[in-house]
Amino acid sequence: MKNALTQMTPLAAATSSAILYISLSAAAEDTIVTSQNYAEDTTVNVADRNTVNVPFGQNITISVAGDKTLTLINSISSDDPRGSFAVAQSYVIDATSGKSLTFSGGKVVLQKQDAFADVGADYNEQAFIRSTDAKIHNPGKVIFANDTTVLEGSLPYGFMLRAGNVEVNNDFTMNLDRRSVTASTAKNVIGALLQEGAMLSLHGKNQINIIGSAYDSTVQGIQFGPGGNALIDGDLLLSVDGNNAAKTLYGFYFSSSRLYAEYEQDINIDGNLDFTLQNAPEGTAYALPLVSDRDYSFNQKVSFLKQMLRMLTEYIQIRKLQQRLLTLYKTIY
């Protein structure tokens with residue numbers, strides 16, 4: 001059935017475990033809710049709340065031929081008839097079901113622009129991937145076992161994980177560029193928000209680039225919030241750009257809470273870290289604010305580059321660390 005689109009009724013699509021074979025000329029425009037196998041370069045553009053939605057109680061596998069690219073786009077608009085709340089909670093992937101979504105094969109690209117870019121919204125949780133409603137003891141998981149993963153867009157969040165897990169096994173790039181956002185609603189922009197038992201695992205070569213809008217107040221790379229954890233044993237290049245507007249820049253941001261202490265793991269980074277903090281001339285910047293009740297181990301090189309920042313810049317901010325352990329293998333400024 002190669003290069004053909006299998007026709008299924010909605011009921012069959014929801015219940016069948018059969019794999020659909022989809023070609024570029026027959027790209028589906030409905031939300032993906034079942035396992036798929038893409039043999040050709042394919043773009044799936046969905047103007048709904050989610051481009052991929054993992055149904056409750058199911059595991060989904062999306063396979064891409066080794067030399068092909070699958071591009072998943074979420075293009076919901078600000079005037080969606082369901083209202084601004086539905087738009088504010090729209091994602092390329094929603095993995096809140098407590099089961100898993102696994103990508104394999106070639107290249108996977110996720111694209112989503114801020115639907116409120118020119119109109120603004122006080123409430124805006126748009127992200128590439130959300131896993132926030134899952135129970136802590138049974139978190140939803142997204143696994144990128146494919147060769148290359150690229151995320152592109154102008155969203156306020158890259159990953160929004162509360163109890164959910166994202167694992168990237170190979171090359172990974174996230175580009176959050178909000179310079180096209182003209183609405184004056186200030187946002188706290190975060191590449192990866194990790195809370196309440198969430199886990200982000202980065203194993204390959206990783207690059208995260210974030211540029212705020214002309215109105216965004218804070219730009220963060222990765223926020224290890226209460227109960228948020230990460231396993232980074234691949235190298236990470238992290239660039240945080242305030243676009244000459246942000247008041248605060250963070251590379252990593254750490255916090256903790258006794259409510260989630262049982263889920264908080266010590267920070268143990270086995271890959272090289274390279275931080276670039278730039279373009280916040282009226283703001284402050286912290287690459288590693290170590291302010292949570294955890295031990296920290298950075299086992300490879302940690303390097304910092306600053307550009308266009310005022311003097312109140314700290315590479316490593318240490319507070320409440322009297323009883324915590326900090327291990328830095330090698331640091332280059």
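Of the possible polar contacts, none joining the Asp118 side chain to the Thr182 backbone as a donor-acceptor pair under 3.5 Å is found. For the pair Asn59 (side chain) and Ser100 (backbone), a donor-acceptor distance under 3.5 Å is present. Distance alone, capped at 3.5 Å, places no donor-acceptor pair between the Asn169 side chain and the Glu167 backbone. In terms of modelled atom types and a separation under 3.5 Å, the side chain of Asp177 and the main chain of Arg179 share a donor-acceptor contact. In this structure, Ser75 contributes its side chain and Asn45 its backbone to no donor-acceptor pair below 3.5 Å. Distance alone, capped at 3.5 Å, places no donor-acceptor pair between the Thr102 side chain and the Ile143 backbone. The closest donor-acceptor contact from the side chain of Ser256 to the backbone of Asp293 lies under 3.5 Å. A donor-acceptor contact shorter than 3.5 Å links the side chain of Ser154 to the backbone of Asp114. Of the possible polar contacts, one joining the Asn170 side chain to the Asn146 backbone as a donor-acceptor pair under 3.5 Å is found.
For Lys205, the NZ atom is loosely surrounded, since the number of other residues' heavy atoms within 6.0 Å does not exceed 12. Summarising the local packing, CZ of Arg82 is surrounded by more than 12 heavy atoms from other residues, nucleotides or ligands at distances under 6.0 Å.
Scanning all heavy atoms of the two residues, the minimum distance from Gln113 to Gln126 falls at O-OE1, 3.8 Å. Among all heavy-atom pairs drawn from Val54 and Gln58, the shortest one is CG1-O, 3.5 Å. Summarising the geometry of Leu101 relative to Ile62, their closest heavy-atom pair is CD1-CD1, 3.9 Å, with the distance given to 0.1 Å. In terms of heavy atoms, Val92 sits closest to Gln111 at CG2-O, 3.7 Å. Among all heavy-atom pairs drawn from Phe128 and Leu155, the shortest one is N-CD1, 3.5 Å. For the pair Ser213 and Ala245, the tightest heavy-atom approach, listed with the atom from each and the gap, is O-CB, 3.9 Å.
The line from CG of Asp94 to CE of Met160 is 11.0 Å long, rounded to the nearest 0.5 Å. Separation of atoms OG (Ser257) and CD (Glu264) is listed at 7.0 Å; rounding is to 0.5 Å. Taking OG1 of Thr248 as the start and CG of Asp216 as the end, the distance is 12.0 Å to the nearest 0.5 Å.
Tested against Leu110, the residues Leu151, Thr71, Val150 include a single side-chain contact (heavy atoms from CB on, under 4.5 Å) partner, Leu151.
Using cut-offs of 30° and 60° on the angle between ring planes, the pair Phe304 and Phe275 is parallel.
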Under 3.5 Å, sequence neighbours excluded: what are the donor-acceptor pairs made by side chains of residues 219-237?
{"unit_1": "Gln220", "atom_1": "OE1", "unit_2": "Gln223", "atom_2": "NE2", "d": "3.1"}
{"unit_1": "Gln220", "atom_1": "NE2", "unit_2": "Asn188", "atom_2": "OD1", "d": "3.2"}
{"unit_1": "Asn229", "atom_1": "OD1", "unit_2": "Gln265", "atom_2": "N", "d": "2.7"}
{"unit_1": "Asn229", "atom_1": "OD1", "unit_2": "Arg294", "atom_2": "NH1", "d": "3.4"}
{"unit_1": "Asn229", "atom_1": "ND2", "unit_2": "Gly227", "atom_2": "O", "d": "3.2"}
{"unit_1": "Asn229", "atom_1": "ND2", "unit_2": "Tyr263", "atom_2": "O", "d": "2.8"}
{"unit_1": "Asp233", "atom_1": "OD1", "unit_2": "His203", "atom_2": "ND1", "d": "2.9"}
{"unit_1": "Asp233", "atom_1": "OD2", "unit_2": "His203", "atom_2": "ND1", "d": "3.4"}
{"unit_1": "Asp235", "atom_1": "OD1", "unit_2": "Asn272", "atom_2": "N", "d": "3.0"}
{"unit_1": "Asp235", "atom_1": "OD1", "unit_2": "Asn272", "atom_2": "ND2", "d": "3.2"}

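Listed by first and then second residue, the ring-ring contact (aromatic ring centres under 6.0 Å, His included) pairs involving residues 69-92 are Phe85-Tyr123 (not counting sequence neighbours).
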